[in-house]
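In what follows, every heavy atom counts, from backbone to side chain, and hydrogens, waters and symmetry copies are set aside.
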Amino acid sequence: MAQYRTSVKIGNWNEELRLEEDTKREHLEKKERGELAAQKVDFLKQHMLSPVDLTVTTDGRLHFGDVVMLVNMGGEERDCSALSINADVNSFNKIPTPGIISPCGVVAGRGIQACPRTAFIITSVDGSPEGSTLHFDQSFALKTTSGFARGLYLTSDLQSFQKCAKKSRLQEVNLEDGSSFLSWWKIVHFDPQESLEYVGQPVPANMSVLIIHCKTNQALAVLGGHVIWNTYGKEYEMTAHTFLDSHKAEQDNNRWTLCNSDPAGKGLVLLTHTQLGAPNKVLTQADPGI
């Protein structure tokens, strides 16, 4: 009686052999084109996390044309985070030139690193010349850098059943092509008792402020209770919604610092308001290999 050996071919052995060969060939072809999932992730991080030089202010003020980062200092439910582009392997293309696809979402990322993912340009919408000082309550736009980030505008609109933040269902914030009234924002002092006094005054750099959407009058906010896991790890959902405390003052998840580079080249300088009683802080940039 013949005995079964492992070398004996049974079943649809020929079809399985051909299928294995086709699978290997398809894998090699994708590898040559750079279409493997690991290759896409590496390509995305290479372009999104490359270093960007933020503007160094000489007069302590913000100006049109400045390249800044929008940083929230964190709170009980969340770490310090920066407004970031939420692009994954399906959110960019390579033809004709590499770049993210519009519209694209935003999140609050914990990686405090000046890169195309976190750098935004203060852009004029009222004809103010580049280099002129930005003032409190003056309309402006926030635009991503050119190149891979494609120069998209931070945009928001009224909340609806079809258009809202995925987790919180609050007003959505994303990046879109072209400037419109939906991409107009203004800066307001975080203390409601002093906000009127600051109207028309120059906006200091590295100071905690509120960023208000002009159309909906809602403040840019980070939601520590709504975590988003993506290519870059644990991050937080972004929305345009004003959160008030018992004193009718905006809470810390509405407070943002438009920060620039330290003139000494040591990282990012974040200056808190004097009433917080905190010293100046310097955050060094994160490892770009994250």
Whether the [X] and [Y] side chains hold a donor-acceptor pair (N or O, under 3.5 Å, no angle test) is what I'd like checked.
X      : Y      : result
Asn86  : Arg117 : no
Asp66  : Asn260 : no
Gln138 : Ser128 : yes
Asp126 : Ser124 : yes

Validation row: [X], [Y] side chains within 4.5 angstrom (heavy atoms):
X      : Y      : value
Ser179 : Val125 : yes
Thr231 : Lys45  : yes
Thr242 : Asn217 : no
Cys80  : Val71  : yes
Met207 : Thr257 : no
Phe43  : Phe148 : yes
Val56  : Thr58  : no
Leu220 : His213 : no

So which atom in [X] and which in [Y] form the shortest heavy-atom distance, rounded to 0.1 Å?
X      : Y      : answer
Phe190 : Ser208 : CD2-O, 3.2 Å
Cys164 : Ser160 : CB-O, 3.6 Å
Ser81  : Ala108 : OG-CB, 3.5 Å
Met238 : Ala165 : O-CB, 4.5 Å
Gly200 : His135 : O-CD2, 3.0 Å
Tyr236 : Leu223 : CB-O, 3.5 Å

Working to the nearest 0.5 angstrom, can you tell me the gap between [X] [atom1] and [Y] [atom2]?
X      : Y      : atom1 : atom2 : result
Arg78  : Met73  : CZ    : CE    : 11.0 Å
Ile121 : Ser146 : CD1   : OG    : 6.5 Å
Leu83  : Leu154 : CG    : CG    : 6.0 Å
Asp157 : Phe181 : CG    : CZ    : 10.0 Å
Phe92  : Leu44  : CZ    : CG    : 5.5 Å
Arg61  : Thr133 : CZ    : OG1   : 5.5 Å

In one Ile/Leu/Val/Met/Phe/Trp/Tyr side-chain cluster, 4.5 Å: [X], [Y]:
X      : Y      : answer
Trp184 : Phe136 : no
Leu134 : Tyr153 : no
Leu49  : Val107 : no
Phe120 : Ile122 : yes
Val106 : Val227 : yes

Count the heavy atoms belonging to other residues, nucleotides or ligands that lie under 6.0 Å from CD of Gln251, then report whether that count exceeds 12.
yes
How far apart are the C-alpha atoms of Met69 and Ile112, what are their side-chain angles, what is the distance that settles it, and do they pass the side-chain contact (heavy atoms from CB on, under 4.5 Å) test?
CA-CA 9 Å; Met69 283 180 57; Ile112 309 301; 4.0 Å; yes
Quick one: which residue pairs count as a salt bridge (charged side-chain N to carboxylate O under 4.0 Å, His left out) with a foot in residues 138-155, not counting sequence neighbours?
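Sorted pair list comes back empty.
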Backbone of [Y] reached by a side-chain donor or acceptor of [X] within 3.5 Å:
X      : Y      : value
Thr55  : Val67  : yes
Asn254 : His241 : yes
His189 : Asp191 : yes
Thr144 : Ala149 : yes
Trp185 : Thr155 : no
Asn72  : Ala82  : no

Working note: Ile228 + Lys167, criterion side-chain contact (heavy atoms from CB on, under 4.5 Å); need CA distance, chi angles, decisive distance, verdict.
CA-CA 9 Å; Ile228 295 178; Lys167 290 182 175 291; 3.9 Å; yes
Do Arg110 and Tyr232 form a cation-pi contact, if we require the NZ or CZ to be under 6.0 Å from the six-membered ring centre and within 45 degrees of the ring's axis?
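Here Arg110 fails the 6.0 Å and 45° test against Tyr232.
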side-chain contact (heavy atoms from CB on, under 4.5 Å) evaluation trace for Ile187 with Asp137
CA-CA 5 Å; Ile187 291 180; Asp137 214 48; over 6 Å; no
Would Leu258 and Val203 count as a side-chain contact (heavy atoms from CB on, under 4.5 Å) here? Give the steps.
CA-CA 10 Å; Leu258 283 76; Val203 180; over 6 Å; no
Tell me every residue that passes side chain to side chain donor-acceptor pair (under 3.5 Å) with Lys234, counting only those two or more places apart in sequence or in another chain.
none
Mind listing the side-chain donor-acceptor pairs of residues 170-178 below 3.5 Å, one per line with the distance, residues two or more places apart or on another chain?
residue: Gln171; atom: NE2; partner: Ser156; partner atom: OG; Å: 2.7
residue: Gln171; atom: NE2; partner: Thr216; partner atom: OG1; Å: 2.9
residue: Glu172; atom: OE1; partner: Lys163; partner atom: NZ; Å: 3.3

